[in-house]
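Below is one structure, written out as structure tokens; the observations come after it.
Lettering of chains follows the sequences in order, A, B, ..., and the numbering in each one begins at 1.
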Amino acid sequence: MDKSLIKLKVEERTIDESAKPLLERTLEEGIETAWDRLEKQQPQCGFGQLGLCCNRCSMGPCRIDPFEKDGPKRGVCGADADLIVARNLLDDLVTGAAAHSDHGREVVETLLMTAEGKSQGYEILDKEKLYTVAKEIGITTEGRNDTDIAKDIALSFLEEYGTIKNSIDLSKRAPEPTQDKWAKAGILPRSVDREIVEAMHRIHMGVGADYANILLHGLRASLSDGWGGSMMATEVSDILFGTPEIKESWVNLGTLKEDMVNIVLHGHNPVLSEMVVKAVKEQEMVDLAKQKGAKGINLVGMCCTGNELLMRRGIPIAGNLLNQELALATGAVDVMIIDYQCIFPSITQVASCFHTKIVSTSEKSKVPGAVHMEFHPETAYDTAKNIVKLAIETYEQRNPDRVKIPAKPVKMMAGFSVEAIKKALGGTFQPLIDAIANGSIKGAVGMVGCNNPKIKQDYGHVTLGKELIKRNILVVETGCAAIASGKAGLLLPEAADLAGDGLKSVCHALGIPPVLHMGSCVDCSRILVLAAELAKALNVGIDQLPLAGAAPEWYSQKAVSIASYFVASGVYTVLGLPPKIFGSKNVIDLLTSGLNDVVGATYAVEPDPVAAADLIEKHIDSKRKDLGI
Amino acid sequence: MKNVFIDLEKCIGCRHCEVACAIEHSSGKELFSMYFEVPRPQPRISVKLGVDLMTFPNKCQHCDPAPCMEVCPVNAIFRDVKTDTVQVQEERCISCGMCAMVCPYGAIQYQVRPNLPNEVAYKCDSCISRLENGKEPACVEACVTNALVFGEYNEIIAEKQRGISLNLTREIQGYKEEEMPENIKAFRALQRKVAQLGPLPSSQNKINVNEKN
């Protein structure tokens, strides 16, 4: 490929400076990445993009003519555009809810095994959280030992996945007016698994033909994720591994080190990665690495398991979704350990261009070409040590001439759990509430979600983030969005200089950045808890607060679930890429306006981040006006 | 003049036409068996991306006079009088590439055919056997949105003219214009924005490329 064309492509694909030289390398050497595959996929089918293709049963596949002229208006079964779009959306939504919640289940199961003394390497690290959660869900703590309490919590939480309780305990954390709205709309979540199974039932042919009824169930299923599966993942991870506290670390592909054994932890669940963190600290491992000529072992995260480690341990993070193949293209990764979610099936292909080994660890998530070292809580620590040993052995095969680590890492601040934010505010949310009331902070936005190669990597996140803080809107982030801001330097207290005067003064007074990293994508539940705390303090529903959500570069079904539980909880949410609903005007109308009467919030779609900031500011202004502040 | 008329606004890039074309030109004329044929039948229509994620289904337009036919040194390309279509006599083709060079649509490619030693010119044959049986071409039949319509050009154009007259007079008289559904218009506007924010072709990128050159 022509050099000037390569330069042009690189500039079109990312704003991440640490990614650019590696993207250049992939183009020069013909190493295929997601961007190349997106190009090869063009044109992408319009029926699919509009949500008008139904491929569920064998009378189909069917598609509806979007131009409403002579083409088909109903599928073979009789489903019209509204129904097909609604079914497809519900399918996407519960796929996402299932991913979060199944991750949560594994954490809860690990807590149970730890309480029963069956796991290896785990302990209950955060007793305060243990007692808080126990008390909240009605488990006696007095005169009982921690393992008994933990066992009761685990069993009680596992029942949240079942159908005996018929309600989700943690959803009671929502302020009463919000819960009342759910009850009135008939969308109080009953159980994590039940809502997902019922959704799969509802999208079977001949079950529901009313698009609105199907979408309402989508909201209920999303609530069982946000206030259920995801929230349990967060809370129990905190119990096992500690509630995050504010700390400093480093971010971008420059966190990989030339003279060290590099292990990248990629995926989502902290139960495995926490054991790897322990294993690399063992003197035996450090000695072995030195014996092989390395200066030591360098552990870095990638995507949300990276966020989990960053939040609790300050482990540096190499990047977000679109950095995964580029990290491998450094030729410096000895082992990339994967669990599940957002792992490109092609990573073994990229790894095969170098000495790098991909180690898969979940029975659910095997990848051809990977070394499979299956992880179970009973043998977790042994497995972690074996993987670290493999990394050290693989280091010996590294070809130094192929190593290209192009950038210096950027400093960042993370660890802003709800508890840490409260502590930073002096033990009460009152200073934040006062700042919002007096207008120095106009409102807050939860910016979440992924990378999507259709949008220049990180451009959506960083541009929207800068626009919002400039307008005195505090930004809290999780997932790929937070990593993007980290790379761009927005997660530093110094970034407050980019903020409007009001937000700047608050940040300076507290020594915090204007954009707060709140964790992994299941930690969007922390954003819900924060919103609930603010609403309760003001005695209002979440929908009355000057808040908004944004997912400027989303790609995943998990993002559909997150956006939906934000909206269902009363948070107006702006998506940067159109969801597959534009084949139905009725569905668009319901989601972008009708839902206001049901849950007090709607979705919006705006790819341009500056225009998205305008929408958000307008929304926040109107909420402030309604509150009389 | 009977041919396939392309309504650009209605193409949504689903590529059903490509699949239908390949099936029609397979020996089994059936989707599942087609995948086991060697060489795998290739489509003779190609849907490619333009700017702002718009798409265009490109194929031989059976020109008259046809430049490909005029330059072919071995007379391998001829006009079928009955169907008024341009056809390739594959056994005669010497793979010289002349026809592809002069084709204004880039609609001629080369492929291996059963029982022939060289890669020969292949292009849309307007599904000649279907035409002979009174059917329309496979791509047209497969097009769900009617972006591809087969018929007498003047009739299709007359229909289009009626539509334009209706819309113009409706507008003048203050009636609601009959136009693209609102949701589709909204979607296209968003697609345009997405195209400007990433590596996919957009009018903006196109301008940059030109400036660079």
- Proximal component of Gln457(A), with respect to chain B [non-hydrogen, under 4.5 Å]: neither

- chain B heavy atoms under 4.5 Å from Ile588(A): which part of the residue, side chain, backbone, both or neither? side chain

- Would you say the side chain of Pro72(A) lies within less than 4.5 Å of the side chain of Val144(B), judging by non-hydrogen atoms? yes

- Message: If you count every heavy atom of other residues, nucleotides or ligands that lies below 6.0 Å from Lys29(B) atom NZ, does the total exceed 12?
- Response: yes

- Query: If you count heavy-atom pairs under 4.5 Å between each of Cys45(A), Ala611(A), Gly71(A) and chain B, which one has the most?
  - Reply: Cys45(A)

- Phe47(A) versus chain B, heavy atoms under 4.5 Å apart: side chain, backbone, both or neither? both

- Let me know if Pro609(A) has heavy atoms under 4.5 Å from chain B in its side chain, its backbone, both or neither. side chain

- Side chain from CB out, backbone as N, CA, C, O: work out which of these in Arg192(B) comes under 4.5 Å of a heavy atom of chain A, or both, or neither. neither

- Query: In this structure, are over 12 heavy atoms from other groups packed under 6.0 Å from Lys618(A) atom NZ?
  - Reply: no

- Under 4.5 Å, counting heavy-atom pairs only, tell me which of His16(B), Glu9(B), Met54(B), Lys48(B) racks up the most with chain A. His16(B)

- Task: Mind listing the closest non-hydrogen atom pair of Phe67(A) and Lys10(B) along with its distance?
- Result: CE1-O, 3.2 Å

- Message: Taking CG in Asn154(B) as the centre, count heavy atoms belonging to other residues, nucleotides or ligands within less than 6.0 Å. Is the count above 12?
- Response: no

- Atom group of Thr55(B) that falls short of 4.5 Å from chain A, counting heavy atoms: side chain

- Task: Could you tell me whether Glu132(B) atom CD has more than 12 heavy atoms of other residues or ligands within 6.0 Å of it?
- Result: yes

- Item | Gln41(A) portion near chain B, given a 4.5 angstrom heavy-atom threshold | backbone

- State, yes or no, whether a side-chain contact exists between Leu197(B) and Lys456(A) at a heavy-atom distance under 4.5 Å. no

- Region of Gln191(B) in contact with chain A, defined by heavy-atom distances below 4.5 Å: side chain

- Heaviest contributor of heavy-atom pairs below 4.5 Å to chain A, chosen from Leu53(B), Val47(B), Thr145(B), is Thr145(B)

- Query: Quick one: what part of Gln44(A) sits under 4.5 Å from any heavy atom of chain B, side chain, backbone, both or neither?
  - Reply: backbone

- Query: Which heavy atom in Arg13(A) sits nearest to a heavy atom in Pro199(B), and how many Å separate them?
  - Reply: CG-CB, 4.0 Å

- Contact part of Thr463(A) toward chain B, heavy-atom cut-off under 4.5 Å: side chain, backbone, both or neither? neither

- Note on the structure: One should read off an interatomic distance between Leu200(B) CG and Lys454(A) NZ, to the nearest 0.5 angstrom, of 7.5 Å

- Item | Most contacts with chain B, counted as non-hydrogen pairs under 4.5 angstrom, among Glu11(A), Lys585(A), Glu39(A), Lys9(A) | Lys585(A)

- Task: Might you confirm whether atom OH of Tyr153(B) has over 12 heavy atoms from other residues, nucleotides or ligands at distances under 6.0 Å?
- Result: yes

- Find the one option among Asp608(A), Leu577(A), Asp589(A), Leu50(A) whose heavy-atom pairs under 4.5 Å with chain B are most numerous. Leu50(A)

- Message: Restricting to non-hydrogen atoms, name the atom on Leu190(B) and the atom on Pro607(A) that form the minimum distance, rounded to 0.1 Å.
- Response: CD2-CD, 3.2 Å

